[in-house]
Structure formats: structure tokens, C-alpha cells
J.: 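Got a structure for you, questions after.
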Amino acid sequence: MMRKRIAFLAGAISFDNQSRVVDGVLKRASEMGIDVYIFTCFVNYDELEENKIGAFRIMDLPDFSTFDGVICMKNSIQYEPAARSVVNRIIKSKVPAVSIDEKINGMHYVGISDYKSQKSIVEHLINEHHLTKINYVCGILEGKEGADRYRAYRDAMAEHGIPVCDDQIYYGNYNRESGRKAVEFFAKTNMPQAIVFANDAMAIGGTERLRQYGYRVPEDIVITGFDNDELSEFCVPSLTTVDRRQQKIGETAVDLLLANEDECEIEQETQVLYRESCGCNEQSEMKLTDLRIDYQNKCLIYEEALDTLKSMQLDLTGLESIDELCGRLKKYVIRSDMKSFYLCLCDRKKLFEGDTLKCESYTQNINIPIAYHNEEFSSYNEFPTRDILPEAVRNTDRQTFYVVTPIYYQKICYGYCISDGSTFALKSELSYLWTVNIAMALENIRKWKWINRMNEKISRMWKYDMLTQVLNRSGFFFCAEELVKDIKSTDSMAFMIFLDIDGLKSVNDNQGHEVGDAFIAEIADVLKRAVPKDCLIMRYGGDEFVVFGSCENGDRMRAIVSRIKAMIAEANEAPDRRYTLSASFGCSVHDAAEIENLNGLIEAADKQMYQEKKAKKKKLSNNNI
């Protein structure tokens with residue numbers, strides 16, 4: 001019996017908020033022997049639209065009906081079309097589902113009261129620190145948590161009779177840079193007594209900019225954050241914030257999936273941590289030795305990962321094939337902490353063949369050109385994409401978790417990567433560079449193949465007649481040089497056949513030039529079937545063709561002409577023909593010493609053809625008398 005498996009969907013799981021929830025989910029899943037598939041990507045809030053489309057397409061990948069449950073952090077999916085689609089598909093699948101931080105009809109809910117927690121902080125500043133000029137830096141107001149936190153600030157200020165002006169609000173996007181920009185914005189008017197930030201990252205960025213402007217925290221300006229990010233405790237000063245107890249939320253979410261209860265809502269208690277940035281210091285002291293060890297370990301992990309990624313980026317540059325890419329990837333897979341690794345690619349025909357890209361979504365089937373499993377490398381042929389992994393791989397005895405990340409370049413969907421049991425993939429924001437490096441290598445391979453196809457097309461346009469796909473004059477004289485060398489080196493003979501289509505003008509006049517073009521193309525097709533591959537065929541003019549080749553005597557040339565005539569006669573026997581195929585021929589045979597001037601050989605054959613055409617006209621004239 002296969003183990004149960006659940007899908008977890010969130011954006012950028014290396015962020016503290018999502019990471020701690022994941023920790024809780026994985027802890028409880030491990031206790032219950034459940035596999036977890038984590039579908040995630042790393043996209044900044046201010047990314048270009050096409051990059052968001054490519055990144056968040058990973059949320060389209062799972063077929064929820066194949067899972068035993070789904071946990072979704074909708075607020076972290078910072079692309080509304082993807083977030084909306086995910087929710088609709090989860091509801092439609094009718095599998096047990098839990099929404100974290102946002103109440104959604106048809107799903108269990110577990111979260112906190114962002115409103116209550118944010119309001120507590122603002123009231124603490126008003127009641128305990130007697131501050132009245134308090135500015136606010138919003139998060140993404142389109143998300144529930146951002147809207148609730150902002151509403152809590154406005155309500156707390158209003159309930160205490162403190163007016164708020166527009167220049168006291170800055171609209172941020174949760175990253176540190178928007179915290180710096182907020183301080184720059186407030187500095188243009190009058191600095192407040194306190195700035196309440198909607199999350200810790202912005203608060204840390206804002207504190208950094210205040211220090212650069214010469215302000216002291218909290219002596220000159222009080223600062224607060226939200227989320228209790230890992231760095232918030234170690235900042236100088238340490239940051240007043242809200243501990244959301246996300247790990248407990250993750251554990252509860254798994255419990256709800258397996259409880260077989262009707263739809264229910266659970267709101268976890270939070271804890272406001274009043275630290276140095278507001279003038280309080282309600283935190284336990286950490287030993288200096290512990291801090292140094294923790295810092296040393298993080299630096300070593302970061303430096304090693306960065307060195308590996310730099311090397312990987314160089315190694316994957318300038319590749320020309322998938323096989324080369326897989327060969328280069330092997331050493332990086334072995335050096336990683338992944339127990340297993342799978343590079344899953346969409347249909348290669350859609351990705352790498354044709355002049356226009358047709359792969360902007362996951363194909364029905366997927367293949368794995370490189371897999372690392374049980375300390376061995378292998379590959380897997382096509383299997384249904386809805387399975388995520390081949391059944392043979394999924395049927396293992398070991399409970400685990402998989403991190404599934406998109407391989408994309410802008411809107412182009414190349415596939416996805418899966419790592420098994422990788423702490424690096426869970427915790428480090430550098431892990432997304434793994435997939436970026438692979439995606440860039442694939443994009444370069446695609447462009448290289450496209451350029452080669454374009455070069456081939458240009459070459460064909462220079463050498464070949466577009467209507468008939470036989471050699472044009474430039475192509476003929478270019479290719480004839482090699483044939484002439486062979487004829488001279490073997491002291492062979494050369495033949496030239498000049499063919500002129502009969503009746504083309506009548507077809508053009510009576511049936512139109514499109515039919516006339518079909519007439520010409522059909523004669524060319526007869527020539528391509530009748531003439532041996534070692535001979536050259538050229539469209540010499542509008543209705544004229546030349547065949548050039550080597551021979552020992554004239555017998556080969558005559559046999560080729562006979563074969564052409566026979567095929568023309570056979571084609572004319574087909575029913576419902578719009579025209580009758582006919583042609584006049586002129587032939588000439590030459591010693592190797594006579595082929596210095598190919599134009600002279602063509603003219604000699606042309607004269608012979610003219611004599612045949614003249615004889616045909618005379619015969620036709622006599623028959624009409």
C-alpha cells in the first residue's frame with residue numbers, strides 16, 4: 001500500500017514566514033508517515049509580468065485529485081491569476097484542503113488574527129510609550145494579511161482620537177528596499193515618533209536607512225515589525241515584532257487534513273515580542289558563544305553554496321544539447337544534500353523544434369533526462385505529467401518530502417526540478433539559482449538550435465529554389481565545383497540534360513499562375529524521383545531545368561531521360577488532371593577535359609533541346625493540316 005501524500009503550495013518557501021509553516025507541516029507529516037510535495041517558486045513582488053507567469057505556472061502542475069490532501073498559502077502566491085486558479089482547482093478536486101492565513105469557502109482554515117496582533121502593537125505604542133505621531137508602512141494591500149494589518153493601524157489610531165494624514169502612510173511591498181524607501185519618503189516631511197512596519201524585512205531596511213540619516217532607534221524614533229523573522233532577534237537594536245507561531249500552524253494544518261471533520265476554522269494565538277526597537281527588552285539573552293557558532297555555520301553554508309552556484313553557472317554556459325547539460329549537472333547533484341534529484345522536461349519537440357515556441361504550459365507527458373536515485377544516475381522515458389514522478393520512483397520505503405520548482409524562462413515552460421529531502425532547497429534563498437542556472441542553459445540550447453535552423457534556412461534560400469526545392473543557379477554552380485573535381489580526378493565523363501516544360505504558357509493563361517506553379521513543382525518532383533542522388537538538379541529558368549552528373553558513357557544519361565519520361569507518362573494517367581505534363585529534352589556528353597565551362601555545356605544541351613522542341617512544333621503543325 002502506497003503512503004499517503006499531500007501537496008503544499010506556497011511562494012518562496014525560503015522566506016521565514018513560509019519556511020516555519022513548512023517546518024510544521026514536515027514535522028507532523030514525518031510523524032504520520034506521509035510524503036509531502038512542496039510546489040514553490042522564488043519571485044519578487046515587483047517582478048515583470050512574464051516572469052510571474054513563468055514562475056507561478058508551477059501551481060498549475062499538481063493534479064489535486066491524485067493527492068490525499070492539499071495545504072495552500074494563497075497569500076504567498078503573489079500573482080492573482082495563479083492564486084485564483086489554484087483555489088478553484090483545489091475546490092473542484094474535492095480532496096481535503098486547508099487554507100493558511102486566508103479563509104476560503106470549501107476549505108479548512110488555520111491562521112492568526114493579523115488585525116488583533118497589529119492593533120496590539122499600535123496600542124502599546126500609544127498607551128505604554130505615550131506616542132501620538134505614528135506612521136505606517138503597508139505591505140501588499142491586495143492580500144488579506146496586508147489589508148488587515150493596515151486596517152488595524154487605522155482603527156487603533158482612530159479609537160484613540162489620533163488623526164492620520166496621507167503623508168504618514170507609505171505603500172511598501174514587504175522587501176527591505178521598500179523599508180528604506182519609506183524612511184526616505186517620511187524624511188521629506190517631518191519624521192514621526194514611531195514607524196510601524198507591516199513586516200520585519202521592511203522594518204530592518206527602514207532601521208538601516210534611519211541609522212544612515214543619523215537617527216537612533218529607539219531614542220529618536222521607535223520601530224516595530226511583524227512576523228518574528230529569524231534576523232529580528234539579532235538586529236541592533238532587536239526588533240519589536242509578532243511571533244506568529246507558524247510551525248504550530250503547519251502542524252495543525254496536517255491534523256485538519258486527516259481529521260475527517262466538516263469544514264472548520266482554527267485561529268492560533270500569537271505573541272507580541274516587545275524588544276529594544278520600541279524601548280522594551282523582553283527577550284532572553286543568548287550566549288555569545290552560541291551566537292558566534294550560529295553565525296559561523298550560516299556563513300560557511302552560504303559561502304559554499306555561492307561558490308558552487310558560481311561554478312555551476314560557468315559550467316552550464318555555451319552548451320549545445322540536453323545530453324551535455326545532464327553530463328555537467330552530475331557533479332553538482334552529487335555535491336548537494338539531495339537524496340534524489342530529477343530534471344523533468346516537457347515535450348522536446350515543442351521546446352526545441354520548429355521556428356515558433358509552442359510550450360507555454362506543461363505538456364501532457366514529461367520525461368526525465370537525468371535522475372539521481374539510490375546514488376545512481378539514470379533517466380526515464382515519457383510518463384504522464386499528472387503523476388509528477390514515475391511510479392517506480394514514488395514507490396519507496398522511505399517517508400520523505402519533495403521540493404518541486406519550475407524550470408522556466410520568462411513565459412517559456414521547460415518543466416520542473418524535484419529534489420528529495422534537501423534542506424538547502426527548503427531553507428536557502430540561493431536554492432532558486434539552481435533552477436535559474438538550468439533554465440538559462442536550456443534557453444541557450446533552444447536559441448542555439450533556433451539559430452542553426454535559421455542558418456540552414458538561409459543556406460537553403462541561397463542554394464535552393466523555393467518553389468521546387470531543387471538547386472537554383474547559385475546553389476548549382478557552388479555544388480558543381482565538387483562534382484567537377486570528382487569527374488576530373490577519376491577521368492570520367494559528364495552529361496548535361498536540359499529540360500524545357502511544354503505548354504506552361506497555356507496553363508498560366510487559361511488556369512492561372514497558381515496552377516502553373518503547381519505544374520512546375522510537379523515536374524520538379526518527377527525529376528527528384530527519377531534522377532540519382534549523385535546528380536545535380538537545377539531550376540535554370542521559369543520553365544527550364546538542368547540535370548548534371550558523371551557517367552562512363554551516354555548510356556546512363558539516356559536511362560535517366562527514359563525514366564523521367566516514363567514517370568511523366570505515369571503521372572498523366574491519374575484521373576481528374578487539370579493539365580498534361582510534357583517536356584522537351586536536350587542532352588550532351590563531354591570528356592573531363594571539356595567541362596571547364598559549365599555554361600558552355602548547358603548551352604550545348606539547350607541547343608539539342610531546341611531542336612527537339614522545333615521538331616515537336618513542326619509535327620503538330622503537320623497534324624493540323
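Worth knowing before you read on, the calculation uses all heavy atoms, side chains too, and leaves out hydrogens, waters and symmetry mates. This chain uses plain numbering: 1 for the first residue, then up along the sequence.
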J.: For residues 67-90, which residue pairs pass the ring-ring contact (aromatic ring centres under 6.0 Å, His included) check, not counting sequence neighbours?
T.: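 Checked against ring-ring contact (aromatic ring centres under 6.0 Å, His included) - neighbours excluded - the pairs reaching residues 67-90 are Tyr37-Phe67.
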J.: Got a sec, which residues hit side-chain hydrogen bond (donor to acceptor under 3.5 Å, both in side chains) with Ser19, two or more places apart in sequence or on another chain?
T.: Lys427
J.: Keeping Asp35 on the side-chain end and Gln399 on the backbone end, is there a donor-acceptor pair under 3.5 Å?
T.: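 Looks like no, no N/O pair under 3.5 Å.
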J.: Enumerate the salt bridge (Lys or Arg N to Asp or Glu O under 4.0 Å) contacts for residues 90-101, please, sequence neighbours excluded, ordered by first and then second residue.
T.: Asp101-Arg244
J.: I need the full list of salt bridge (Lys or Arg N to Asp or Glu O under 4.0 Å) pairs touching residues 362-380, with sequence neighbours left out, sorted by first then second residue.
T.: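 Every candidate salt bridge (Lys or Arg N to Asp or Glu O under 4.0 Å) pair involving residues 362-380 fails, so no pair, neighbours aside, qualifies.
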J.: For Phe185, check side-chain contact (heavy atoms from CB on, under 4.5 Å) against everything at least two apart and list the hits.
T.: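 Expected list: Tyr170.
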J.: Between side-chain atoms of residues 334-341 and protein atoms elsewhere (two or more places apart, or another chain), which donor-acceptor pairs fall under 3.5 Å?
T.:
residue : atom : partner : partner atom : Å
Arg335  : NH2  : Thr308  : OG1          : 3.3
Ser336  : OG   : Val333  : O            : 2.7
Ser336  : OG   : Met338  : N            : 3.2
Asp337  : OD1  : Ser422  : OG           : 2.8
Asp337  : OD2  : Thr423  : N            : 2.9
Asp337  : OD2  : Phe424  : N            : 3.1
Ser340  : OG   : His373  : ND1          : 3.4
Ser340  : OG   : Asp420  : OD2          : 3.4

J.: Suppose we screen for ring pair (Phe, Tyr, Trp, His ring centres under 6.0 Å). Which residues come up paired with Tyr136, at least two apart in sequence or across chains?
T.: Tyr150, Tyr153
J.: If we ignore hydrogens and angles and just use 3.5 Å, is the side chain of Arg149 paired with the main-chain N or O of Ala198 as donor and acceptor?
T.: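 Between the backbone of Ala198 and the side chain of Arg149 there is a qualifying donor-acceptor contact (under 3.5 Å).
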J.: Counting only pairs under 3.5 Å, give me each side-chain donor-acceptor contact of residues 312-320, with atom names and distances, residues two or more places apart or in other chains.
T.:
residue : atom : partner : partner atom : Å
Asp315  : OD2  : Lys331  : NZ           : 2.8
Asp315  : OD2  : Tyr332  : OH           : 2.7
Thr317  : OG1  : Gln313  : O            : 2.7

J.: Can you list the residues that meet the side-chain hydrogen bond (donor to acceptor under 3.5 Å, both in side chains) rule with Ser178, with sequence neighbours excluded?
T.: Asn173, Asn175
J.: Please name all residues satisfying side-chain contact (heavy atoms from CB on, under 4.5 Å) with Asp63, sequence neighbours left out, ordered by chain then number.
T.: Ser65, Thr66, Arg386
J.: Could you work out, with side-chain hydrogen bond (donor to acceptor under 3.5 Å, both in side chains) as the rule, every residue matching Thr252, not counting sequence neighbours?
T.: Gln268
J.: So, using side-chain hydrogen bond (donor to acceptor under 3.5 Å, both in side chains) as the criterion, who are the partners of Arg57 when residues are at least two apart?
T.: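 In terms of side-chain hydrogen bond (donor to acceptor under 3.5 Å, both in side chains), with neighbours along the sequence ignored, Arg57 is linked to no residue.
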J.: So, Lys248 and Asp23, do they make that salt bridge, N to O below 4.0 Å?
T.: no
